[in-house]
Enquirer: 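First the structure, then my questions, so here it is.
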Amino acid sequence: MFDNLIAFAQESQNTGTSSFETICWVASVVGMWKMFEKAGEPGWPSLIPLYRSYKLCELTMGNPWYWLRLFVFCIPVVGWIAGFYFMYQMYRAVALAYGKPETYAWGLMFLTPIFYCLLGFGDASFYGPMGAGDTRTTQARQSRTVNFDVVKNEPEQKTYQNQPEVEEIKPEPAAKEDTVEFNFDEPVE
């Protein structure tokens, strides 16, 4: 098994791609495959680079040609700024379509393979383009709340059949003889 891993690492060095890049690509494909299946689409488009962007924009934005705006990255400086904006808008639509808050788009931008897997294998549901079918409020979508109501728990009293009654024994008050009285007003000789 380790021989296979070493052979894979050596082969990937010769081809110019690192093992890390390969692992990221596989994670992205697998995560996107599951995302497409959640949306009721076949998963195979995740294998084809340009077509998967087309399908992703179609499913999450309702505009399948939005991904072409990312070609603005070819223009130096201004194109990069516009490209990041377009990429954020695309990932924002993905987050909303799967019922996640808008801030989830930042994770999709910078840790894409991980967040694709979280959407694909996690508890996210597909709600349609831009989350159109999501009837939750924005506040409910933004937070994952856990109910921390304070509940007073009474200790359970266990009753057994044939349990003898225990009589409480109270100590008797001490007699006057057993007590010593001190008088602090008189001087000691």
Enquirer: Which residue pairs pass the side-chain hydrogen bond (donor to acceptor under 3.5 Å, both in side chains) test with at least one member in residues 41-50, sequence neighbours excluded?
Expert: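 Pairs touching residues 41-50 that pass the test: Glu41-Lys55.
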Enquirer: Are Phe115 and Tyr104 an aromatic pair by the rule of ring centers under 6.0 Å?
Expert: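 Distance test on ring centres: under 6.0 Å, yes.
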Enquirer: Restricting to side-chain contact (heavy atoms from CB on, under 4.5 Å), what partner residues turn up for Pro129, sequence neighbours left out?
Expert: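 By the side-chain contact (heavy atoms from CB on, under 4.5 Å) rule, Pro129 matches no residue at all.
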Enquirer: Could you check if a side-chain atom of Lys100 sits within less than 4.5 angstrom of a side-chain atom of Leu96, using non-hydrogen atoms only?
Expert: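 Result no, sub-4.5 Å side-chain heavy-atom pair not found.
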Enquirer: Distance check, rounded to the nearest 0.5 Å: Phe20 atom CZ versus Thr22 atom OG1?
Expert: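 One finds 10.5 Å between CZ of Phe20 and OG1 of Thr22.
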Enquirer: May I have the list of side-chain donor-acceptor pairs in residues 78-91 shorter than 3.5 Å, sequence neighbours left out?
Expert:
residue : atom : partner : partner atom : Å
Trp80   : NE1  : Phe73   : O            : 3.1

Enquirer: For Lys38, enumerate each residue passing the side chain to side chain donor-acceptor pair (under 3.5 Å) test, keeping only those at least two apart in sequence or located in another chain.
Expert: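 By the side chain to side chain donor-acceptor pair (under 3.5 Å) rule, Lys38 matches no residue at all.
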Enquirer: Using side-chain heavy atoms (C-beta onward) and a distance below 4.5 Å, is Pro45 in contact with Phe36?
Expert: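 Yes. Closest side-chain heavy atoms under 4.5 Å.
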Enquirer: Please list, chain by chain and in numerical order, all residues satisfying side-chain contact (heavy atoms from CB on, under 4.5 Å) with Pro64, sequence neighbours excluded.
Expert: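 With sequence neighbours excluded, Pro64 shows a side-chain contact (heavy atoms from CB on, under 4.5 Å) to Tyr54, Glu58, given in chain and number order.
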Enquirer: Considering all heavy atoms of both residues, which atom of Phe126 and which atom of Leu59 are nearest to each other, and what is their separation?
Expert: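 Result for this residue pair: CZ-O, 3.4 Å.
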Enquirer: With sequence neighbours excluded, give me every salt bridge (charged side-chain N to carboxylate O under 4.0 Å, His left out) pair touching residues 27-37.
Expert: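 Applying salt bridge (charged side-chain N to carboxylate O under 4.0 Å, His left out) to every pair that reaches into residues 27-37, excluding sequence neighbours, yields Lys34-Glu37.
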Enquirer: Does any part of the side chain of Leu108, heavy atoms only, come nearer than 4.5 Å to the side chain of Leu119, both counted from C-beta?
Expert: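 Counting from C-beta outward, Leu119 and Leu108 do come under 4.5 Å.
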Enquirer: With rounding to the nearest 0.5 angstrom, report the CZ to CE distance, Arg92 to Met61.
Expert: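 Arg92 atom CZ to Met61 atom CE measures 8.0 Å (nearest 0.5 Å).
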Enquirer: Evaluate the side chain to side chain contact (heavy atoms under 4.5 Å, CB included) criterion for residues Tyr116 and Val29: first the C-alpha distance (whole Å), next the side-chain angles of each, then the deciding distance (0.1 Å), finally the verdict.
Expert: CA-CA 8 Å; Tyr116 277 171; Val29 167; over 6 Å; no
Enquirer: Return the SG to CD1 distance between Cys24 and Ile114, rounded to the nearest 0.5 Å.
Expert: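 Result: 7.5 Å between the selected atoms.
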